[in-house]
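Worksheet for the structure shown next.
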Amino acid sequence: MPELRPTRTLLAVSSLLAAAVLLTGCTAAGPVTAETTPPTVTASPSPTPTPTPDAGTGSLAAPGLTVVPTVDGDCRADPSEFGVVTLVVTTDDDTTPIEIEYTAFRPGADPVVRTTEAVGPVVVLMQSDCGTQTASAPWTFTASASDSLSCTMTFGSKRVASDDYYAEGSTDEATVDCSGHPGM
């Protein structure tokens, strides 16, 4: 018969005891069965800041977003009407002035081209095409600044025109032209 050494016996007993303790720790709450369901964990919702309407435009305010208000006498954007005209200019910062030239629609009259100045990085103008302009006449929308720029004009969900200018290290005046018309 083989001789048992005390070291091997002690090691074997210790291993069995450790395995039993570890397995018992896993099932200390009782045996796991198909009827056992995991505990439900619920997270409390974190408060979400509510956007506040901008008093001048009735639109939502957000950091970095400049909404150019409609001039009195021009057609305001009406989301319930078809064909909201949206003009968007983006730039790299919130300090560079952007000169924007755009067609403004007026109820019962021909449109006029207006010029305004705003800072970005995102500038939005919204209005409705409620005037008497003929369908083939282009709508003016250009932007100029001393920084890189991009612009987009949409009519409803249709992108009418887009343009961008970027030249790293350039000190030239940047100009983008998004003039167009939905029928063009």
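In what follows, residues are counted from 1 in the order of the sequence shown.
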| Results of side-chain hydrogen bond (donor to acceptor under 3.5 Å, both in side chains) for Thr95 - residues two or more places apart only | Asp93

| said: The criterion is salt bridge (charged side-chain N to carboxylate O under 4.0 Å, His left out); which residues satisfy it with Arg114, sequence neighbours excluded? | reply: Asp74

| said: Using 0.5 Å steps for rounding, measure from the CE atom of Met126 to the OG1 atom of Thr70. | reply: 9.0 Å

| message | My understanding is that only residues two or more places apart in sequence, or in another chain, count here; which of them pass side chain to side chain contact (heavy atoms under 4.5 Å, CB included) with Ser157? | response | none

Please tabulate, one pair per line, all N/O donor-acceptor pairs under 3.5 Å involving side-chain atoms of residues 79-88, not counting sequence neighbours.
{"residue": "Ser80", "atom": "OG", "partner": "Asp78", "partner atom": "OD1", "Å": "2.7"}
{"residue": "Ser80", "atom": "OG", "partner": "Asp78", "partner atom": "OD2", "Å": "3.4"}

| field | Qualifying disulfide bond (SG atoms under 2.5 Å apart) pairs with a residue from residues 81-120, counting only residues at least two apart or across chains | value | none

| Pairs satisfying disulfide bond (SG atoms under 2.5 Å apart), at least one member in residues 78-121, at least two apart | none

| message | Could you measure the distance from the CD atom of Glu117 to the OG1 atom of Thr66? Nearest 0.5 Å is fine. | response | 11.5 Å

| field | Set of salt bridge (charged side-chain N to carboxylate O under 4.0 Å, His left out) partners for Asp72, sequence neighbours left out | value | Arg76

| query | How would you list, by chain and number, every residue that makes a side-chain hydrogen bond (donor to acceptor under 3.5 Å, both in side chains) with Asp94, sequence neighbours excluded? | reply | none

| Which residue pairs pass the disulfide bond (SG atoms under 2.5 Å apart) test with at least one member in residues 85-116, sequence neighbours excluded? | none

| field | Centroid-centroid under 6.0 Å between Trp139 and Phe105 rings | value | yes

Show which side-chain atoms of residues 140-156 pair as donor or acceptor with protein atoms under 3.5 Å away, not counting sequence neighbours.
{"residue": "Ser144", "atom": "OG", "partner": "Thr175", "partner atom": "OG1", "Å": "3.1"}
{"residue": "Ser148", "atom": "OG", "partner": "Asp92", "partner atom": "OD2", "Å": "2.5"}
{"residue": "Ser150", "atom": "OG", "partner": "Thr90", "partner atom": "OG1", "Å": "2.3"}

